[in-house]
Amino acid sequence: MTWKNLLDDGRVETHVTSKAELDDLRAVVARNLEDAAIAMLSDDNRFAIAYQAALLSSKMAIACTGYRVKGEGAHHTTFQALKLAMGGSVTKTADYFDRCRRKRNNLSYDSQGIVSSADAKALLEAAEKFHKLVESWIGKNYPMLA
């Protein structure tokens, strides 16, 4: 998969981001990470909120590289594009988030009670760690957006 493939397929478009746009995303990610840690929420909802934080952190990295995901299957495309944006070092993380995407789809549209407390905790920890990685990557590669 390349940016050209994604562009040709209409799955991404070129996009110029700004620090203000990223700061708005940062605020939502911070809120979601905080909310996903609320033990009184259901495991399903904690999982879904942590997933959203990971998705938005991915969106930040993609935006820094000059693209925005669009169209049907945007969440799946986001995790494919993340690998292009940040490189092979995030492949395992992107693949994990994509597996979480499938579980989140099931709990959002078809089922409930399919996420364990351990699942929710693991995704929250991964989303927190990933967001720190994205912020570090932005600081190193796009300091004007940090």
Side-chain angles (χ1 to χ4, degrees), residues 1-38 41-112 114-115 119-146:
M1 186 64 54
T2 66
W3 288 118
K4 183 175 179 348
N5 296 137
L6 293 174
L7 282 164
D8 290 347
D9 291 346
R11 296 168 58 195
V12 298
E13 61 189 6
T14 58
H15 172 69
V16 177
T17 194
S18 65
K19 185 170 181 335
E21 178 184 22
L22 294 182
D23 285 347
D24 287 345
L25 290 169
R26 287 178 174 108
V28 177
V29 170
R31 179 205 63 203
N32 286 358
L33 292 173
E34 187 176 307
D35 288 355
I38 298 172
L41 293 178
S42 69
D43 294 329
D44 287 350
N45 281 330
R46 290 177 45 237
F47 186 91
I49 295 167
Y51 169 83
Q52 189 67 22
L55 183 75
L56 292 175
S57 294
S58 301
K59 181 178 179 176
M60 289 173 62
I62 294 163
C64 287
T65 61
Y67 296 95
R68 178 188 343 231
V69 174
K70 65 176 196 165
E72 189 174 330
H75 290 208
H76 177 66
T77 300
T78 295
F79 299 124
Q80 290 180 321
L82 175 62
K83 296 174 195 178
L84 296 173
M86 293 184 70
S89 65
V90 298
T91 296
K92 286 184 181 181
T93 301
D95 290 345
Y96 169 68
F97 290 149
D98 194 51
R99 288 190 304 277
C100 292
R101 172 191 61 82
R102 291 189 294 273
K103 186 174 274 193
R104 179 219 155 250
N105 283 350
N106 285 337
L107 71 90
S108 294
Y109 303 114
D110 299 325
S111 304
Q112 61 89 30
I114 62 170
V115 172
D119 291 336
K121 182 180 178 188
L123 180 53
L124 174 57
E125 289 172 359
E128 289 171 334
K129 182 179 177 183
F130 178 65
H131 185 66
K132 288 177 185 172
L133 176 68
V134 168
E135 289 289 10
S136 175
W137 178 83
I138 291 171
K140 179 181 176 185
N141 297 287
Y142 303 92
M144 69 296 251
L145 298 172

Taking side chain as C-beta onward, heavy atoms only, is [X] less than 4.5 Å from [Y]?
X: Ile62; Y: Val12; answer: no
X: Tyr67; Y: Leu7; answer: yes
X: Thr17; Y: Tyr142; answer: no
X: His76; Y: Arg11; answer: yes
X: Phe79; Y: Thr93; answer: no
X: Leu133; Y: Met86; answer: yes
X: Lys103; Y: Arg99; answer: no

- Item | Evaluation steps, side chain to side chain contact (heavy atoms under 4.5 Å, CB included), between Tyr51 and Val115 | CA-CA 12 Å; Tyr51 169 83; Val115 172; over 6 Å; no
- Look only at the side chain of Asp24 and the backbone of Glu21, and say whether a donor-acceptor pair between them is shorter than 3.5 Å.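 No; judged by distance alone, with no hydrogens or angles, the pair does not exist.
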- Task: Run the salt-bridge test on Lys92 and Asp95 with the 4.0 Å N-O cut-off and return the result as yes or no.
- Result: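 No, no charged N to carboxylate O under 4.0 Å.
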- Query: So which heavy atom on Ala85 is nearest to which on Ala61, and how close?
  - Reply: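 That would be CB-O, 4.0 Å.
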- Heavy atoms only: give me the nearest Lys83-Val90 pair and the separation to one decimal.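 Result for this residue pair: CA-CG2, 4.1 Å.
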- Query: Going through the checks in order, is the side chain to side chain contact (heavy atoms under 4.5 Å, CB included) test met by Leu6 and Met1?
  - Reply: CA-CA 7 Å; Leu6 293 174; Met1 186 64 54; 3.3 Å; yes
- Residue pairs passing the side chain to side chain donor-acceptor pair (under 3.5 Å) test where at least one lies in residues 126-140, sequence neighbours excluded: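 Checked against side chain to side chain donor-acceptor pair (under 3.5 Å) - neighbours excluded - the pairs reaching residues 126-140 are Arg26-Glu135, Ser57-His131, His131-Glu135.
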- Taking it one step at a time, do Cys64 and Val134 satisfy side chain to side chain contact (heavy atoms under 4.5 Å, CB included)? CA-CA 10 Å; Cys64 287; Val134 168; over 6 Å; no
